[in-house]
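One-based numbering, in listed order, for ligands and for the atoms of each. Throughout, residue positions are numbered sequentially from 1 according to the sequence presented.
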Amino acid sequence: MKVHILLGPPGCGKGTQAKRLVEKRSLIHLSTGDILRDAVSKGTEVGLRAKALMASGKLVDDSTVNGIVFARLQDETGDVLFDGYPRTLFQAESLQTFLSSQGITLGFVMDIEIQEQELEARVVNRRVCGNNTCGAIYNLNTKAPRVDGVCDLCGGNLKHRADDTTEAFRIRMVEFNKTFQPLQAFYKGMSNYRYVEGSRPPDQIHDQLVKLFQEQA
Ligand code: ADP
(Lines give C-alpha, C1' and ligand atoms only; values in the text may rest on other atoms or scores of the structure.)
Protein backbone atom coordinates (compact mmCIF):
# COMPACT_ATOMS: atom_id res chain seq x y z
CA MET A 1 0.00 0.00 0.00
CA LYS A 2 1.14 3.49 -0.90
CA VAL A 3 -0.13 6.98 -0.26
CA HIS A 4 0.28 9.78 -2.77
CA ILE A 5 -0.15 13.45 -1.94
CA LEU A 6 -1.44 16.45 -3.88
CA LEU A 7 -0.17 19.77 -2.55
CA GLY A 8 -1.07 23.28 -3.61
CA PRO A 9 -3.23 26.30 -2.76
CA PRO A 10 -7.03 26.39 -2.72
CA GLY A 11 -8.27 26.41 -6.31
CA CYS A 12 -5.05 25.04 -7.85
CA GLY A 13 -6.93 22.04 -9.22
CA LYS A 14 -6.19 19.34 -6.63
CA GLY A 15 -9.79 18.13 -6.52
CA THR A 16 -10.25 18.15 -10.29
CA GLN A 17 -7.00 16.29 -10.88
CA ALA A 18 -7.65 13.82 -8.08
CA LYS A 19 -11.05 12.90 -9.53
CA ARG A 20 -9.58 12.35 -12.98
CA LEU A 21 -6.58 10.39 -11.72
CA VAL A 22 -8.64 7.94 -9.67
CA GLU A 23 -10.69 7.16 -12.79
CA LYS A 24 -7.48 6.09 -14.57
CA ARG A 25 -5.49 4.46 -11.79
CA SER A 26 -6.79 2.26 -9.03
CA LEU A 27 -6.47 4.79 -6.25
CA ILE A 28 -8.73 5.76 -3.38
CA HIS A 29 -9.39 9.50 -3.34
CA LEU A 30 -9.19 10.86 0.21
CA SER A 31 -10.17 14.53 0.32
CA THR A 32 -10.16 15.82 3.88
CA GLY A 33 -12.30 18.76 2.67
CA ASP A 34 -14.95 16.34 1.34
CA ILE A 35 -14.81 14.20 4.49
CA LEU A 36 -15.20 17.29 6.69
CA ARG A 37 -18.03 18.72 4.55
CA ASP A 38 -19.80 15.40 4.84
CA ALA A 39 -19.37 15.52 8.62
CA VAL A 40 -20.79 19.07 8.65
CA SER A 41 -23.81 18.09 6.59
CA LYS A 42 -24.49 15.07 8.82
CA GLY A 43 -24.06 17.19 11.97
CA THR A 44 -21.59 14.77 13.60
CA GLU A 45 -19.45 15.86 16.54
CA VAL A 46 -16.52 16.61 14.22
CA GLY A 47 -18.87 18.39 11.83
CA LEU A 48 -20.24 20.63 14.56
CA ARG A 49 -16.70 21.58 15.55
CA ALA A 50 -15.56 22.16 11.97
CA LYS A 51 -18.56 23.98 10.52
CA ALA A 52 -17.85 27.61 11.43
CA LEU A 53 -14.09 27.24 10.93
CA MET A 54 -14.55 25.86 7.43
CA ALA A 55 -17.17 28.38 6.38
CA SER A 56 -14.89 31.24 7.41
CA GLY A 57 -11.87 29.75 5.63
CA LYS A 58 -9.87 28.73 8.72
CA LEU A 59 -8.18 25.37 9.10
CA VAL A 60 -9.63 22.64 11.24
CA ASP A 61 -7.28 21.63 14.07
CA ASP A 62 -4.51 19.15 13.31
CA SER A 63 -5.54 16.50 15.80
CA THR A 64 -9.09 16.30 14.44
CA VAL A 65 -7.88 15.99 10.86
CA ASN A 66 -5.11 13.51 11.71
CA GLY A 67 -7.63 11.42 13.64
CA ILE A 68 -9.97 11.25 10.63
CA VAL A 69 -7.17 10.37 8.24
CA PHE A 70 -5.51 7.69 10.36
CA ALA A 71 -8.84 6.00 11.03
CA ARG A 72 -9.51 5.90 7.29
CA LEU A 73 -6.03 4.62 6.46
CA GLN A 74 -6.46 1.79 8.91
CA ASP A 75 -9.55 0.66 6.95
CA GLU A 76 -7.98 0.92 3.49
CA THR A 77 -5.86 -1.66 1.74
CA GLY A 78 -5.45 -0.05 -1.69
CA ASP A 79 -3.26 2.89 -2.71
CA VAL A 80 -4.55 6.26 -1.57
CA LEU A 81 -4.45 9.73 -3.13
CA PHE A 82 -4.66 12.55 -0.59
CA ASP A 83 -6.22 15.82 -1.65
CA GLY A 84 -6.04 18.62 0.92
CA TYR A 85 -3.94 16.64 3.38
CA PRO A 86 -1.41 17.16 4.86
CA ARG A 87 -1.82 20.91 5.11
CA THR A 88 0.54 21.79 7.94
CA LEU A 89 4.05 20.67 8.85
CA PHE A 90 2.62 19.01 11.95
CA GLN A 91 0.19 16.98 9.82
CA ALA A 92 3.02 15.98 7.46
CA GLU A 93 5.25 14.86 10.33
CA SER A 94 2.41 12.99 12.01
CA LEU A 95 1.55 11.27 8.73
CA GLN A 96 5.16 10.24 8.23
CA THR A 97 5.29 8.71 11.71
CA PHE A 98 1.98 6.95 11.11
CA LEU A 99 3.11 5.57 7.74
CA SER A 100 6.35 4.22 9.22
CA SER A 101 4.50 2.59 12.09
CA GLN A 102 2.13 0.86 9.66
CA GLY A 103 4.73 -0.03 7.03
CA ILE A 104 2.96 2.10 4.41
CA THR A 105 5.08 3.69 1.66
CA LEU A 106 4.94 7.34 0.69
CA GLY A 107 4.42 7.56 -3.09
CA PHE A 108 4.41 10.75 -5.17
CA VAL A 109 4.10 14.21 -3.68
CA MET A 110 2.66 16.31 -6.51
CA ASP A 111 2.90 20.01 -5.81
CA ILE A 112 0.54 21.99 -8.08
CA GLU A 113 1.82 25.55 -8.14
CA ILE A 114 0.00 28.56 -9.55
CA GLN A 115 0.13 32.36 -9.35
CA GLU A 116 -1.98 33.63 -6.47
CA GLN A 117 -3.89 36.13 -8.63
CA GLU A 118 -5.41 33.34 -10.78
CA LEU A 119 -6.89 31.55 -7.81
CA GLU A 120 -9.63 33.86 -6.59
CA ALA A 121 -11.51 33.87 -9.90
CA ARG A 122 -11.28 30.08 -10.05
CA VAL A 123 -12.65 29.65 -6.55
CA VAL A 124 -15.52 32.16 -6.57
CA ASN A 125 -16.74 30.79 -9.91
CA ARG A 126 -16.49 27.18 -8.81
CA ARG A 127 -19.69 25.14 -8.55
CA VAL A 128 -19.75 21.55 -7.35
CA CYS A 129 -22.30 18.82 -7.83
CA GLY A 130 -24.15 18.34 -4.55
CA ASN A 131 -24.67 14.66 -5.23
CA ASN A 132 -22.05 12.99 -3.01
CA THR A 133 -21.44 10.06 -5.30
CA CYS A 134 -20.70 12.45 -8.18
CA GLY A 135 -19.15 15.67 -6.85
CA ALA A 136 -18.23 16.91 -10.35
CA ILE A 137 -16.52 20.31 -10.37
CA TYR A 138 -17.54 23.16 -12.71
CA ASN A 139 -16.42 26.71 -13.27
CA LEU A 140 -18.85 29.35 -14.50
CA ASN A 141 -16.11 30.94 -16.65
CA THR A 142 -14.11 28.05 -17.97
CA LYS A 143 -16.24 24.92 -17.61
CA ALA A 144 -19.88 25.92 -17.30
CA PRO A 145 -22.56 23.22 -17.02
CA ARG A 146 -24.81 22.81 -20.10
CA VAL A 147 -27.87 23.74 -18.03
CA ASP A 148 -27.56 26.40 -15.35
CA GLY A 149 -27.29 24.85 -11.88
CA VAL A 150 -27.53 21.25 -13.12
CA CYS A 151 -24.71 18.66 -13.25
CA ASP A 152 -23.99 17.45 -16.80
CA LEU A 153 -23.02 14.03 -15.51
CA CYS A 154 -25.74 13.06 -13.05
CA GLY A 155 -28.40 15.79 -13.15
CA GLY A 156 -27.66 16.72 -9.51
CA ASN A 157 -27.99 20.28 -8.20
CA LEU A 158 -24.87 22.38 -8.40
CA LYS A 159 -23.80 24.04 -5.16
CA HIS A 160 -21.68 27.04 -4.31
CA ARG A 161 -19.47 26.03 -1.37
CA ALA A 162 -19.87 28.19 1.75
CA ASP A 163 -16.14 28.96 1.64
CA ASP A 164 -15.98 29.76 -2.08
CA THR A 165 -16.76 33.43 -1.47
CA THR A 166 -14.23 36.24 -1.91
CA GLU A 167 -14.15 36.85 1.84
CA ALA A 168 -13.55 33.22 2.87
CA PHE A 169 -11.14 32.67 -0.02
CA ARG A 170 -8.93 35.51 1.26
CA ILE A 171 -8.81 33.92 4.71
CA ARG A 172 -8.02 30.54 3.12
CA MET A 173 -5.07 32.15 1.32
CA VAL A 174 -3.82 33.68 4.59
CA GLU A 175 -4.03 30.23 6.18
CA PHE A 176 -2.32 28.67 3.19
CA ASN A 177 0.51 31.19 3.20
CA LYS A 178 1.00 30.70 6.93
CA THR A 179 1.40 26.94 6.69
CA PHE A 180 2.62 26.06 3.21
CA GLN A 181 6.29 26.94 3.15
CA PRO A 182 7.46 24.57 5.89
CA LEU A 183 5.14 21.89 4.52
CA GLN A 184 6.60 22.23 1.03
CA ALA A 185 10.15 22.29 2.42
CA PHE A 186 9.45 19.04 4.27
CA TYR A 187 8.66 17.24 0.99
CA LYS A 188 10.82 19.14 -1.48
CA GLY A 189 14.00 17.29 -0.62
CA MET A 190 12.42 13.89 -1.15
CA SER A 191 13.08 11.97 -4.36
CA ASN A 192 9.35 11.44 -5.01
CA TYR A 193 8.52 15.16 -4.89
CA ARG A 194 7.28 16.53 -8.25
CA TYR A 195 6.61 20.13 -9.20
CA VAL A 196 3.52 20.60 -11.37
CA GLU A 197 2.85 23.84 -13.24
CA GLY A 198 -0.80 24.47 -12.36
CA SER A 199 -1.72 27.34 -14.67
CA ARG A 200 -1.88 25.04 -17.72
CA PRO A 201 -5.17 23.54 -18.96
CA PRO A 202 -6.47 20.67 -16.80
CA ASP A 203 -5.95 18.11 -19.62
CA GLN A 204 -2.24 18.87 -19.80
CA ILE A 205 -1.81 18.57 -16.04
CA HIS A 206 -3.77 15.33 -16.09
CA ASP A 207 -1.50 13.93 -18.83
CA GLN A 208 1.58 14.84 -16.83
CA LEU A 209 0.25 13.10 -13.72
CA VAL A 210 -0.82 9.99 -15.64
CA LYS A 211 2.64 9.79 -17.21
CA LEU A 212 4.24 10.05 -13.81
CA PHE A 213 2.31 7.02 -12.57
CA GLN A 214 3.03 5.10 -15.78
CA GLU A 215 6.76 5.68 -15.46
CA GLN A 216 6.71 4.35 -11.95
CA ALA A 217 4.84 1.16 -12.96
P1 ADP B 1 -9.44 23.90 -0.76
O2 ADP B 1 -8.23 23.05 -0.95
O3 ADP B 1 -10.02 24.35 -2.05
O4 ADP B 1 -9.23 25.01 0.22
P5 ADP B 1 -10.74 21.78 0.72
O6 ADP B 1 -12.03 21.19 0.30
O7 ADP B 1 -9.51 20.94 0.63
O8 ADP B 1 -10.60 23.10 -0.13
O9 ADP B 1 -10.83 22.30 2.23
C10 ADP B 1 -11.89 23.09 2.67
C11 ADP B 1 -11.71 23.41 4.15
O12 ADP B 1 -11.70 22.19 4.92
C13 ADP B 1 -10.41 24.10 4.54
O14 ADP B 1 -10.45 25.50 4.38
C15 ADP B 1 -10.30 23.69 6.03
O16 ADP B 1 -11.19 24.43 6.85
C17 ADP B 1 -10.80 22.26 6.02
N18 ADP B 1 -9.70 21.31 5.80
C19 ADP B 1 -9.57 20.45 4.75
N20 ADP B 1 -8.45 19.73 4.86
C21 ADP B 1 -7.81 20.15 5.99
C22 ADP B 1 -6.61 19.82 6.65
N23 ADP B 1 -5.78 18.88 6.16
N24 ADP B 1 -6.29 20.46 7.80
C25 ADP B 1 -7.08 21.40 8.32
N26 ADP B 1 -8.24 21.77 7.74
C27 ADP B 1 -8.62 21.17 6.60
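Sorted by chain then number, the residues whose non-hydrogen atoms approach ligand 1 to under 4.0 Å are P10, G11, K14, T32, G33, L36, R37, M54, K58, L59, V60, V65, G84, Y85, R87, Q91, R126, R161, D163, R172.
Side-chain atoms of Q208 and R194 form no donor-acceptor pair, as typed in the model, at a separation below 3.5 Å.
Applying the side-chain hydrogen bond (donor to acceptor under 3.5 Å, both in side chains) test to every pair with at least one member in residues 43-58, sequence neighbours left out, gives these pairs: R49-T64.
Using a 4.5 Å heavy-atom threshold, the side chains of K24 and H206 count as touching. At least one side-chain heavy atom of Q214 sits less than 4.5 Å from a side-chain heavy atom of R25.
For D164, the side chain to side chain contact (heavy atoms under 4.5 Å, CB included) partners two or more places apart in sequence, or in a different chain, are V123, R126, H160, R161, R172.
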Return a table of donor-acceptor pairs under 3.5 angstrom between the side chains of residues 89-100 and protein atoms on other chains or two or more places apart.
unit_1	atom_1	unit_2	atom_2	d
Q91	OE1	R87	N	2.9
Q91	NE2	D62	OD1	2.8
S94	OG	N66	ND2	3.3
S94	OG	F90	O	2.6
T97	OG1	E93	O	3.0
S100	OG	Q96	O	2.9

